[in-house]
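Sequence positions, counted from 1, serve as the residue numbers for this chain. Counting starts at 1 for both ligands and their atoms, following the listed order.
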Amino acid sequence: MSLEVVILAAGQGTRMKSGLPKVLHAVAGRPMLQHVVDSAQALSPLACHVVVGHGGDKVREQLEQPGVQWVEQTEQLGTGHAVLQALPDLADDSIVLVLYGDVPLITSATLQTMVAAASKGPALLTAMMADSGGYGRVVRDDTGAFVAVVEDKDASPEQKLIKEINSGVLAAPAAQLREWLPAVGNNNSQGEYYLPDILSLAVSQGITVATCQATSELEILGVNDRVQLNQVEREYQQRQAQALMLSGVTLADAGRIDVRGTLSCGSDVFIDANAVFIGDVSLGSNVQIGANCVLINTSVDDGSEILPFSHLEQASVGKHCAVGPYARLRPAAVLAEGAKIGNFVEVKKSTIGKGSKVNHLTYIGDCEMGVGVNVGAGTITCNYDGANKYVTTIGDGAFVGSNSTLVAPLTIAENGFVGAGSAITREVGSDQLAVSRAKQRNIDGWKRPSKD
Ligand code: UD1
Ligand code: CA
């Protein structure tokens, strides 16, 4: 039987106290709604119908993708009303799985169980909550059979003691939803059309409601405020940290790593505390990442070490390189094998050849550097004249003395040598020494100024 997914995401999320629609708040760098869509897509449904209302345009803009269809709920009259808006778009013979856009940790495995349980009639995902306050409670009869979901605001004092709650995830054949949803009323304390009320209709018709239990409280944790957003974030990060460790990565502190994207690692990688990985990051074998490093869409090849407090974005680090501490590799920084980038060095759109060293306090931008080059402390490639950018080419084996400014466009040929403190504006030939600085004068018998 085919599957249709309906994701409810029309609520305002007042408690987030935010200009951003709630479902766009990020968990591990991606909108929480995206997590729900991804878990749903893993089940290959006919479509994901996302019900939007508050901030709907913004949500659409960010989540537009194949397989997602948008449903408008102009007035938020309740979860039952929200699903009703999607009904006309659902295939007749399908099973419909209803998810919430603000419950991002739900796993595909649990959803699969739910869909299987709903082949003949409705199924509800429930959970035991130590503190069930605020949730809809699951009421059962003496035999343990499902009777109804009673919302917190409608529950009697005895019902409030019930620990089993409605997670919000529900599945049912489309035909049954078409029959029951229009019959749901709004005669309750909130004047809303409650989706779980279809289950009471089922029971009244003698139809059994299947229930499945979530694997943990956390899987069905809903985000209503930023405290819960953080709980979800930490849980998600913890899951990723566990997966990394089980795949053979050593973490200095599993509670102090953040992966906002995908991190792939070779064998025997070590990651020190407070490292942040954003986008697609890949680390080869025997790579060491120092404390407080940020790596964004970057690859680091086997045996390289990124020392503490370094920031790498769209960079490519070859084998056996050393970067940092306090280094900054900007987009299109490419380091060949054995290159060394030291402290307070910034590299942008440049290739650093095999074994070349840029060890201290330097800016290298728009530069093609050969093999075995040594760049002294405080060197600046002057790549920008206020209007255009120019390239500096440095040949194999060249040596650039400290505190030099290399005014591009410029070539320093193989084995060219630049004396310290030079401002170089013309090509330096191979095996030439270029010195461009005021000549030193020594004045004899110099008397120091004295106080009047
Ligand atoms: C709902 C359930 C409750 C369950 C809890 C689990 C109902 C009536 N109650 O309560 O039993 O324990 O979730 O977290 O279903 N939404 C719309 N349109 C609407 C109303 C809501 O799209 O008109 C969306 C919201 O954006 C949200 C989801 O539905 O993603 C849940 O709505 P919310 O108001 O948070 O329901 P709860 O009161 O938490
Ligand atoms: Ca909620």
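Between K160 and D154 there is no salt bridge, since no side-chain N of the basic residue sits under 4.0 Å from a carboxylate O of the acidic one. Comment: E219 does not engage R239 in a salt bridge, judged by the lack of any side-chain N to carboxylate O separation of less than 4.0 angstrom.
Where the criterion is an N or O separation shorter than 3.5 Å, residue side chain and backbone included, Y194 fails it with respect to ligand 1. The shortest N or O to N or O distance between V51 and ligand 1 is not under 3.5 Å. At least one N or O atom of G136 sits closer than 3.5 Å to an N or O atom of ligand 1. The N/O atoms of V149, backbone and side chain alike, include none that comes under 3.5 Å of an N/O atom in ligand 1. Annotation: I165 places no N or O atom under 3.5 Å from an N or O atom of ligand 1; distance criterion only.
A donor-acceptor pair shorter than 3.5 Å can be found between the side chains of Q237 and Q240. T143 and D141 share a side-chain donor-acceptor pair at under 3.5 Å. Between S189 and E151, the side chains place no donor N or O within less than 3.5 Å of an acceptor N or O (distance only, hydrogens not considered). Checking Y384 against D366 by side-chain atom types alone, no donor-acceptor pair falls below 3.5 Å.
Judged by distance alone, with hydrogens and angles left aside, the side-chain atoms of S39 form a donor-acceptor pair with the main-chain N or O of I106 at under 3.5 Å.
Counting heavy atoms only, N166 comes closest to atom 5 (C) of ligand 1 of the residues D197, L33, N166, V6. Here atom 20 (C) of ligand 1 lies nearest to G78 when heavy atoms of S132, G78, A82 are compared.
Legend: salt bridge (charged side-chain N to carboxylate O under 4.0 Å, His left out) pairs involving residues 321-340, not counting sequence neighbours, sorted by first then second residue: R330-E346.
Heavy-atom proximity to T79, at under 4.0 Å, picks out these atoms of ligand 1: 7 (C), 8 (C), 15 (O), 20 (C), 21 (C), 29 (O), 31 (C), 32 (O). Those atoms of ligand 1 with a heavy atom of E151 less than 4.0 angstrom away are 2 (C), 3 (C), 7 (C), 8 (C), 9 (N), 10 (O), 11 (O). Ligand 1 places these atoms under 4.0 Å from at least one heavy atom of A9: 22 (O), 26 (O). Remark: ligand 1 atoms within the under-4.0 Å shell around heavy atoms of A10 are 17 (C), 18 (N), 22 (O), 26 (O). Within ligand 1, the atoms closer than 4.0 Å to a non-hydrogen atom of L77 are 23 (O), numbered from 1 in the order shown.
Using a non-hydrogen distance threshold of 4.0 Å, Q73 registers as a contact of ligand 1.
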Please tabulate, one pair per line, all N/O donor-acceptor pairs under 3.5 Å involving side-chain atoms of residues 259-276, not counting sequence neighbours.
residue : atom : partner : partner atom : Å
T262    : OG1  : D280    : OD1          : 2.3
S267    : OG   : S285    : OG           : 3.3
N274    : ND2  : N292    : OD1          : 3.4

